[in-house]
Amino acid sequence: MKDQKPSNEKLDQLESHITSNEDSKLTTNQGLKINNNQDSLKAGDRGPTLLEDFIFREKITHFDHERIPERVVHARGSGAHGVFTLNKSLEKYTKAKFLTEVGKETPVFVRFSTVAGNRGSTDLARDVRGFAIKFYTEEGNYDLVANNIPVFFIQDAIKFPDLVHAVKPEPHNEIPQAASAHDTFWDFISLMPESTHMIMWLMSDRAIPRSFSRMEGFGVHSFKFINDEGKVHFVKFHFKPKLGVHSVAWDEAQRISGVDPDFHKRDLWESIENGDFPEWDFGVQLIPEEDEDKFDFDILDPTKIIPEEEVPVEIFGTLTLNKNPENFFSETEQVAFHPGHIVPGIDFSNDPLLQGRLFSYTDTQLIRLGGPNFHEIPINRSIKTVHNNQRDGYMRQQIAKGKVSYEPNSIGGGCPFQAMMSEGGFTSHQETISGPKIRQRSESFVDHYSQAKLFYNSQSAPEKIHLQNALIFELSKVTIPAIRERMVGQLNFVDKVLAQKVAEKTGVEVTELEFPNQSLPADSNHIDLQSEEREAHTKISDALSMENTVKDTIKSRKIGFILANGADAGSVNDLKAKLEDEGATVEIIAPSLAPITTNDGSALTPKHSLTSTASVCFDALFISTGEDSTKELLAPDNKHKVLQFINEAYKHCKTIYFGEGTEPLYMNSNVGLKSHIDPAIVSWEDENPESKFIDAIAQHRVWHLEQERNN
Ligand code: HDD
């Protein structure tokens with residue numbers, strides 16, 4: 001349980017805005033106490049409502065204006081407060097204070113999101129996840145507006161509206177919601193070879209995470225670090241979840257979307273309420289400025305990673321989320337991120353995607369939050385007081401004293417003064433740039449397939465199958481064969497077997513496309529830059545496969561205990577205590593919500609009935625010990641539901657523990673048909689079944705047995 005109330009400078013600042021209705025009387029927005037909130041003011045009790053009824057008018061007017069536009073992308077979000085702790089100084093590379101003072105704790109607000117769906121859409125869409133972090137530093141707000149995928153679809157921001165229009169529901173019929181599986185998306189992608197690397201990530205299980213706490217975060221672009229001496233390093237930002245990177249199965253994702261579309265939001269909320277604070281290691285890849293051209297790709301190209309084998313990720317800090325918002329709208333909805341919110345010691349690179357973002361984010365807040373004072377909304381405020389000569393505008397909150405709102409001035413004593421660099425004044429990094437004014441892509445951005453191959457080749461066998469099936473699913477929803485065929489042609493540049501399999505299942509032929517050079521002007525000929533030799537990469541990067549992730553903890557795993565009257569109290573309570581000691585959450589599922597009576601006469605109250613939840617909401621199942629309990633679970637009313645629980649968990653490669661006396665359930669389920677050795681099926685016959693159960697849950701899933709389990 002939550003042991004203590006976290007506190008930090010940002011939370012203290014927010015405290016003054018938090019209100020509670022406890023022990024209070026209902027009032028109007030003017031503070032007038034209201035005596036009757038049931039009836040409008042009428043001319044006679046059966047007569048018309050009077051215009052004079054200011055209480056009615058105020059209430060309805062406010063209601064009529066309750067909605068603001070949702071974000072044009074990343075509309076569905078979940079947020080949390082937390083803290084960033086620096087464990088090792090980055091002083092050698094940057095002068096940003098929150099990255100130099102070891103032990104320093106910087107308050108943060110993080111918002112996770114899906115990209116394509118509406119605010120009310122499912123959490124489990126196959127999609128990129130946003131991972132936006134606002135650091136409330138002593139030098140001003142620093143926003144790292146990141147994703148859970150380290151590359152992007154396009155290289156230049158001018159293509160962003162096209163990309164978003166293609167993926168969003170089709171404009172004529174607003175179908176489909178929160179899904180990329182439709183004509184316009186794949187039409188666009190099949191014509192944009194630069195998307196190929198991103199598509200590999202998007203079709204991988206990374207796009208259907210188990211929880212926000214089990215996703216990586218990536219700053220995507222190369223940014224710049226600048227130290228006190230003015231020395232520059234390019235930097236890529238990474239957040240590595242302490243719980244490992246884990247995903248659900250696609251079939252499971254689709255089921256969860258029906259059973260609990262708020263699955264990720266709920267998981268984040270409950271983890272924090274339970275004190276299982278999600279944590280990430282913060283790491284960076286650092287490249288000295290002089291090594292900028294050392295790679296066989298351009299580090300300014302946002303469709304490329306810097307493989308960890310080439311530049312290791314060094315860990316410097318910890319990000320911890322430890323407090324849920326008080327109010328979703330005020331905090332999670334009104335928070336406004338912008339990659340242009342930086343602090344001294346950090347600067348932009350010339351990545352053309354990043355450059356375009358620097359315009360877009362402030363611009364979007366103006367329409368979304370209604371004017372130029374959105375920085376004054378409590379969640380967006382810097383912890384340092386703002387001093388400048390900007391004035392007025394809709395909803396101004398700050399009461400700026402005095403008659404001076406210009407600079408230079410003598411009347412205000414010249415204040416506020418510009419800050420010198422030594423006082424923390426921001427200066428842009430000086431860089432010599434020369435070149436013709438030209439609307440053209442750099443040749444160094446032309447290689448679109450090497451890293452797509454690197455990603456695909458680095459996947460484990462089950463991951464490759466999932467990726468292939470995702471492509472088959474998505475392209476099977478494309479109604480125009482020519483688009484499917486063009487897309488298969490693109491896949492052929494990544495892996496011939498993959499292309500062939502997708503082609504077979506989507507009813508098209510693999511046609512050899514010319515190496516496309518879409519991103520270059522029509523009159524240039526850079527086909528040589530896409531040559532077969534260049535494409536022949538067979539390198540592998542272990543960091544790209546989730547197979548190699550952390551698998552040593554069951555912290556914040558949700559375990560379903562299925563039981564009925566007569567269940568063995570001793571084994572249920574023992575196992576529950578052991579799992580909870582390891583940080584897991586146990587929830588009891590019974591035939592109904594009525595308390596059940598165990599074999600020693602004690603009562604256990606279920607959290608769910610067999611009807612109100614499904615096995616897709618759990619990481620593992622324990623089928624409780626006890627013959628009487630088994631008998632009741634096999635009764636006609638319950639049998640089908642219990643077997644569906646077990647069979648689905650089995651199909652989705654989860655761990656299942658059958659307690660003593662549950663053999664009839666074991667034999668009636670698909671588990672009873674198995675002939676292979678399965679480390680994630682634990683039974684009454686096993687030695688040390690409890691430790692076997694815990695070890696298997698920590699492994700997440702037995703993906704390598706997926707075929708055996710589904711045959
Ligand atoms: Fe963006 C929101 C991440 C490219 C324009 N973006 C948004 C959010 C995240 C990202 C996490 C949600 C922030 C929140 O929770 O409020 N976006 C990215 C990443 C990108 C990227 C990692 C590429 C590396 N974005 C990108 C481009 C443009 C935008 C190229 C436009 C030129 N993004 C926006 C936006 C949004 C946004 C329209 C919608 C709501 C908002 O900004 O505040 O301005």
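Since the structure is predicted, the reported quantities are computational estimates derived from the model, not experimental observations. All ligand and atom numbering here is 1-based and tracks the order in the structure. These numbers come from the heavy atoms of this one structure, side chains and all, not from hydrogens, waters or symmetry mates.
Using a distance-only test at 3.5 Å, with no hydrogens or angles considered, a donor-acceptor pair links the side chain of Q398 to the main chain of V386. Not one N or O on the side chain of D143 forms a donor-acceptor pair closer than 3.5 Å with the backbone of V145. Not one N or O on the side chain of K104 forms a donor-acceptor pair closer than 3.5 Å with the backbone of T85. Remark: side-chain polar atoms of E139 are not paired, donor with acceptor, to backbone N or O of F426 under 3.5 angstrom. Panel note: side chain E216, backbone N148; no donor-acceptor pair is recorded below 3.5 Å.
At a cut-off of 2.8 Å, measuring from atom 1 (Fe) of ligand 1, the protein N, O or S atoms that fall short of it are Y361 OH, waters left aside.
Using cut-offs of 30° and 60° for the angle between ring planes, the F98 and F84 rings count as perpendicular. The aromatic rings of Y93 and H233 sit perpendicular, their planes meeting at an angle over 60°, well past the 30° parallel limit. Classified by interplanar angle (parallel below 30°, tilted 30° to 60°, perpendicular above 60°), the ring pair Y449/F493 is tilted. Ring orientation note: the planes of F239 and F282 are tilted relative to one another, at an angle of 30° to 60°.
Residue-ligand proximity, L353 to ligand 1, at heavy-atom distances under 4.0 Å covers atoms 23 (C), 24 (C), 30 (C). Every atom of ligand 1 with a heavy atom of F337 under 4.0 Å away is listed here by number and element: 13 (C), 14 (C), 15 (O), 16 (O). Near V220, the atoms of ligand 1 lying under 4.0 angstrom from a non-hydrogen atom of the residue are 22 (C), 24 (C).
In the displayed structure, Y394 atom OH is contacted under 6.0 Å by at most 12 heavy atoms of other residues, nucleotides or ligands.
The proximity of F131 to ligand 1, defined as any non-hydrogen pair under 4.0 Å, is limited to the backbone. At a heavy-atom distance under 4.0 Å, no atom of P302 approaches ligand 1.
Ranking protein heavy atoms by distance to atom 38 (C) of ligand 1, first place goes to V72 CG1, 3.3 Å. From the protein, the heavy atom lying nearest to atom 16 (O) of ligand 1 is R71 NE, 2.7 Å. For atom 11 (C) of ligand 1, the closest non-hydrogen atom of the protein is A146 O, 3.2 Å.
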Discussion item. Set out, in order, the CA-CA distance, both residues' side-chain angles and the distance that settles side chain to side chain donor-acceptor pair (under 3.5 Å) for R214 and S556, then state yes or no.
Written reply: CA-CA 11 Å; R214 294 180 182 84; S556 93; 3.2 Å; yes

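Contact analysis puts Q365 in contact with ligand 1, with a non-hydrogen atom separation below 4.0 angstrom.
Evaluated by nearest non-hydrogen atom to atom 41 (C) of ligand 1, the leading choice among I133, T303, T364 is T364. Evaluated by nearest non-hydrogen atom to atom 15 (O) of ligand 1, the leading choice among Q334, R368, R76, R111 is R111.
For K134 and Y142, the positive end is not near the middle of the six-membered ring at less than 6.0 Å and at most 45° from its axis.
In terms of polar-atom proximity, defined here as any N/O pair under 3.5 Å, N147 makes no such contact with ligand 1.
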